[in-house]
Amino acid sequence: MERLTLLRRALSGAIIALGVVGFASAAFSAAKGDPIKIGVIIGLTGPNAVAGNDGLAAMQLAVDEVNAAGGVMGRPLELIVEDNEGRPKAGVEAANKLADVDQVPVVIGGYSSAIALPVGLVLNKKKVVWVTDATTNKLKTVGPYLFNTAGIAEQAVALVDFAKADSGAKTLSGLFQNNPIGQDRAAVSEKRAKEVGVEWNHSMLYQVGAKDFRAELTKLLAAKPDAILTDIYDNDAQIIQRQLYEMGVTEMSMFYSYNLSAFATLPPKFTVGMKGLSYATSGARAASFNEKFREKFGRIYTDAWAPPFYDAVWIVATAMNLANSLDSTEIRNAMWPAAYRYNGVSGLGDKGFNRWGMQHADQNAQASFKDGKIQPYFVAGSANNILIFRYEDANGVPTADGIPLAEAPSEEELKALYSGN
Amino acid sequence: MNIVQVLVNSLITSAELGLIAIGLSMTFSILRFANFAHVESAVLGAYLVYLFNVTLGWNFALSILVSTLILGTVGLALHRFIFRRFANSGDITPMIASLGLAITIRHGIQAIWGPQHVVYDYEVLPGNKIFGAFITDPQIWILITAVSAMVGFHCLLQYTRIGTAMRATAANVDLAQACSIDTQKVILLVWFIGTGFAALGGILIGWDTQVDPYLGFNLVIPIFCVVLIGGVGSVYGAIIGSLIVGFAQNFGLAFNYAPLINLFGLLDLGDRFDLPAAYKPAITYMAVVLILLIRPTGIIRKEVS
């Protein structure tokens, strides 16, 4: 039944991808006329630069495809790119500039929750649609113009379940960033661990962008947990894995990471036996995206959040075409149906938004490193390595967070959702 | 707690911070302004080693030597073309100029080498296990290099004519000039050694971990804390300050604070209280505040007359 629903949505998504985009122009002719501009706020320099440049490349790829397929309302789509430098203040300044000077109806970006949150508050106030792949739970509270294409931290329970099922761990520790998403990960993981009867030893929240983590790692290892959950990115991942190795941790099977792709460019010896979750990007459409990315940029992206950025552009372009308008509120209202029908590259294609504009489910693949490459990993006795997190009550019935909407909530519903703001 | 490992970690942190802080304190002692560009010189030195060692394939030791000497020369050029012009402009103008220069260097590095981190060309190996602690070969060399540089500088200061001239100029420029000391030469030497030390410190950090354009941004506050703790303008103070900061950062995180929280048995609030790693930078500030409360001019009082 669920498969049929997904199939129906995927088929209508294909129709959207092939037909709705550029419906104002002759079928499949390239976009013409003055470009329609949307904003991008992303970290091209600073601590998130690797992921930021990957994300921007993915967005540019999507823009090229959208334009080749007829563009938005027959006109080419164009990105106005602002570098947030990994700093919230730079992000907010960019948001003000894009909203007030460039007057774009939509901005895509984020990555870092510490930036995505204040930017979201600014853009919501100005009624500009903000599409981010940041993952802090607090995104849900920002307002009706915020959408998320990568799932939020609440869904992190999957890793606790994976670590417990795989290692039989009785005690867990965590190594997370000291920022909104890291704090969320720590809280969610600790709560889940207690729910499943695992002792939560310690949450180590580290300073993002630091150059030395020996003190943190010494303490983390000294506690001797059965398994350690990590959520680390970019340069931090490089240093932490190296310092672990130098501290004698040459076999990493006790480490389970939320973002396995962060380690993909490391020397293989730094990731021997490491396991974790990889943002699920599989299937024919994902393979095509990977190939196109390699063809255009001569490399493969290293950060798992590049595909959700690619999806964000397609969803926005589809919503603009569905709305047939550049009014940000009309585009916002079209975001739900666009995402519901869109067949994404990330999340196994399912990109539907719940009423808060967040992903209604989170799709991750269990994986492990073998010879430096990420391989599918199956817990003993299981033939499935895909973990789909859904918001459900104790009886397995989806809660409001777990239901994707085919149409936008009414204005009254949205007002009620954010009445506390 | 693996106390030997924490001790080793503390010494390495201290060695890396110490060299940069000595250079900063040295330039302050004579030029009397806070040179924010100093820390970026450390990053530039680290990138030059990358250029010579990785891009051009030079021998690693030779790359370190040449980069240090080049940065020393860059220090001379900075003085000749920028900071000498602010000699009579008070301490605010050169400080702001140094801040602008720091940002320029940082973004210049990024424009040349990109935002990604870079690593030197050597094989990372597991550390040697000594008394239960792991210490890598590069870390041993880092300690040897830092201690040698510090001892060498001490000998220069204490046992040579130029060292005496440097101390005299640092104490009182006018009096030194009256004693026929060529203070301009001394200033040039201070720029050369100070910037060279910064470069060496940056290189050691790059050797121990990695280098990226924002390395200086992460170092600037700890380095200034080291200088404040030791006593602004005191090179020996900078060494002591770096030890305090290095040990405070590592031991501060390693302790179980439960006895303190429980007021040594008067309360029973649990048997574990670990300081979250997020407070690691705060430990440095706490050390600064505590020491300045006790000794407002830093540990080594500087004679000003």
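Chain letters run A, B, ... following the sequence lines, proteins first and then strands; every chain starts at 1.
Ranked by heavy-atom pairs under 4.5 Å with chain B, the list A:H202, A:M247, A:K269 is led by A:M247. Of the residues considered (A:T45, A:N178, A:V249, A:L44), A:T45 shows the highest number of contacts with chain B, using heavy-atom pairs under 4.5 Å. Heavy-atom pairs under 4.5 Å with chain A were tallied for B:Y214, B:F251, B:F217; the largest tally goes to B:Y214.
Close approach to chain B, defined as a heavy atom under 4.5 Å from one of its heavy atoms, is seen in no residue of residues 183-192 of chain A. Among residues 123-134 of chain B, the residues having any heavy atom closer than 4.5 Å to a heavy atom of chain A are, in sequence order, B:E123, B:V124, B:L125, B:P126, B:G127, B:F134.
Interatomic distance, CG of B:L17 versus CG of A:D212, reported as 9.0 Å (0.5 Å rounding). Distance check, rounded to the nearest 0.5 Å: CD of A:Q238 to NE2 of B:H117 gives 3.5 Å. Here CD1 of A:I240 is found 12.0 Å from OG1 of B:T209. Values are rounded to the nearest 0.5 Å.
Only the side chain of A:Q207 comes within less than 4.5 Å of a heavy atom in chain B; its backbone stays farther off. Of the atoms belonging to A:L220, not a single heavy atom falls under 4.5 Å from chain B. Heavy atoms closer than 4.5 Å to chain A are found in the backbone of B:Q249, but not in its side chain. For chain B, the nearby part of A:K219 is the side chain; its heavy atoms alone come within less than 4.5 Å. Proximity to chain B (any heavy atom under 4.5 Å) is shown, for A:Q177, by neither the backbone nor the side chain. For B:L219, no part sits under 4.5 Å from any heavy atom of chain A, backbone or side chain.
Looking at every heavy atom in both residues, B:N250 comes nearest to A:A215 through OD1-CB, 3.4 Å.
Between A:R242 and B:D208 there is no salt bridge, since no side-chain N of the basic residue sits under 4.0 Å from a carboxylate O of the acidic one.
Heavy atoms of other residues, nucleotides or ligands lying less than 6.0 angstrom from CH2 of B:W141 number 12 at most. For B:I261, the CD1 atom counts as densely surrounded, since its 6.0 Å shell holds more than 12 non-hydrogen atoms of other residues, nucleotides or ligands. Few gaps surround CZ on B:F60; more than 12 heavy atoms of other groups in view lie less than 6.0 Å from it. Within a 6.0 Å radius of NZ in A:K89, no more than 12 heavy atoms belonging to other residues, nucleotides or ligands are found.
B:N9 and A:T218 form a side-chain donor-acceptor contact under 3.5 Å, judged by distance and modelled atom types alone.
Under the 4.5 Å side-chain criterion, counting only non-hydrogen atoms from C-beta, B:Q139 is in contact with A:R214.
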Next item on the list: Evaluate the criterion salt bridge (charged side-chain N to carboxylate O under 4.0 Å, His left out) for residue pair A:E216 and B:K280; output intermediate values, then yes/no.
Entry: CA-CA 9 Å; A:E216 289 87 338; B:K280 195 169 139 186; 3.2 Å; yes
